[in-house]
Protein chains: 2
Amino acid sequence: MSKKDPQALVKQAALQLFSEQGYFNTSVPDLVKASGVSTGSIYHHFGDKEGVARALFDSVVERMQVAIEEIQQKHLSVPEQCKAIIELLFVITENEPDLMRYMLHAKHAEFLSDVAPICSSSPFKKMRSIVSMGMKTKEVHEMDETVAAAAVFGGAIRLVQMRLDGVIEKNLLSYVDEVWFCAWRSVAI
Amino acid sequence: MSKKDPQALVKQAALQLFSEQGYFNTSVPDLVKASGVSTGSIYHHFGDKEGVARALFDSVVERMQVAIEEIQQKHLSVPEQCKAIIELLFVITENEPDLMRYMLHAKHAEFLSDVAPICSSSPFKKMRSIVSMGMKTKEVHEMDETVAAAAVFGGAIRLVQMRLDGVIEKNLLSYVDEVWFCAWRSVAI
DNA sequence: GTCTATAATGAGATAGAC
DNA sequence: GTCTATCTCATTATAGAC
């Protein structure tokens with residue numbers, strides 16, 4: 001039944017096309033062909049092409065946020081939460097590269113004019129707040145919160161970007177332990 | 001006289017327009033207005049619009065590569081070289097944000113079809129090779145070269161991206177010491 | 001709500017004088 | 001090498017039947 005909801009069909013097609021060929025290289029007729037939904041219906045539901053990108057972005061961020069919240073509930077210690085997030089980033093990159101690509105590039109892809117940059121969207125805020133918690137519990141060196149979050153997750157995000165760009169051939173999950181080792185050492189007391 | 005070279009004028013205008021509004025939101029007539037060079041002349045020199053982006057990208061990477069080579073010659077120790085590169089990234093971000101933005105986003109901006117991803121271009125290769133040298137001199141933990149490079153520079157690059165996105169308000173140079181502290185601890189023996 | 005057919009715009013690219 | 005004027009065409013978006 002989710003297969004018959006035109007909004008879902010369009011977003012699904014858009015995720016693939018936008019992330020593989022880019023937003024500007026994807027025309028509305030392309031979306032029509034890939035989704036099986038008509039031009040009129042797309043405009044009726046999303047207003048314009050940017051509306052599709054916007055709705056898709058909201059879905060993607062929402063999805064990511066839920067995954068991070070699950071981690072925050074399961075894992076108690078700060079380092080465990082951080083490691084779980086790195087693993088999550090890697091798993092999503094491997095299993096749903098289009099989703100990860102869209103989330104990371106959407107802001108820089110020159111559309112979605114007035115959406116806040118991804119780094120200030122809620123999943124990334126959560127990452128910062130976890131690291132910040134680590135400072136309160138004296139597990140993480142006292143320092144600027146943003147710098148600490150960048151230190152912990154920057155390496156992993158960099159690897160994700162390289163993997164999505166095809167620079168890294170191997171499955172990212174094989175690097176989890178090494179990456180985590182570096183990430184935690186960079187800020188741990 | 002550099003002000004009269006049409007190629008330089010076009011690239012200069014393109015750097016600003018592409019990085020501020022994006023490649024696809026910049027038309028050739030926009031380039032004509034901003035550069036003062038005519039349509040015919042632009043097509044004569046660059047072939048097509050993508051040719052402008054390509055030539056600009058080459059200039060930017062070349063420029064970055066020269067800066068990193070200078071560092072490799074001046075600073076002898078591996079950690080000093082790494083720190084100098086982080087400082088370089090921050091200085092360029094502060095002084096020439098358009099240049100840094102273009103270098104980081106060009107590949108993901110959905111054009112420049114067959115250019116290698118930025119992470120495999122020569123400045124980034126040089127970063128990896130410096131870290132790799134650190135392993136030989138036993139200053140850096142033995143581990144995957146790519147992971148180590150991501151650990152050392154990932155945090156800094158993340159901060160650069162956030163600064164360019166307007167998420168960070170303060171001058172990045174004020175973070176150099178903290179960033180360097182984290183970066184080096186993450187891989188140092 | 002969904003569809004087909006169509007309009008209107010503005011883009012990339014070219015022609016050809018100078 | 002540089003310029004102006006122009007062509008061609010794909011794109012976004014709308015109209016209006018069902």
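So you know, we letter chains A, B, ... as the sequences are listed, proteins then strands, and number each from 1. Because the structure is predicted, anything quoted here is derived from the model rather than measured. These numbers come from the heavy atoms of this one structure, side chains and all, not from hydrogens, waters or symmetry mates.
Note: CG (B/Leu9) to P (D/dT2) measures 10 Å, nearest angstrom. One interatomic measurement links the two molecules: CD of A/Gln21 to C1' of D/dA10, which rounds to 15 Å at whole-angstrom precision. Put simply, CG on A/Asn25 is 10 Å from P on D/dT11, counting in whole angstrom units. When rounded to the nearest whole Å, the span between CZ of A/Phe111 and P of D/dT12 equals 13 Å. C/dG1 atom C1' lies 14 Å from atom CD1 of A/Ile42, rounded to whole Å.
Look at A/Glu94 and A/Arg163 and you find a salt bridge, because one of the NZ, NE, NH1 or NH2 atoms lies within 4.0 Å of a carboxylate O, short of that distance.
Between A/His45 and C/dT2, a side-chain N or O to OP1/OP2 separation shorter than 4.0 Å is present.
Take B/His45 and apply the side chain to side chain donor-acceptor pair (under 3.5 Å) test, not counting sequence neighbours, and it matches B/Gln7. Taking the side chain to side chain donor-acceptor pair (under 3.5 Å) definition, one finds that A/Thr137 meets it with A/Glu139, sequence neighbours left out. Considering only residues two or more places apart in sequence or on other chains, B/Arg185 meets the salt bridge (charged side-chain N to carboxylate O under 4.0 Å, His left out) condition with none of them. For A/Lys83, the salt bridge (charged side-chain N to carboxylate O under 4.0 Å, His left out) partners at least two apart in sequence or on another chain are A/Asp177.
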Protein heavy-atom contacts under 4.0 Å, written 5' to 3' over nucleotides 12-18 of chain C as B (base), S (sugar-phosphate only) or - (none), form the string SBB----

Please table the atom pairs, donor to acceptor, closer than 3.5 Å between any side-chain atom in residues 143-159 of chain A and protein atoms at least two apart or in another chain.
| residue | atom | partner | partner atom | Å |
| --- | --- | --- | --- | --- |
| A/Asp144 | OD1 | A/Thr146 | N | 2.8 |
| A/Asp144 | OD1 | A/Val147 | N | 3.1 |
| A/Arg158 | NH1 | A/Gln161 | OE1 | 3.2 |

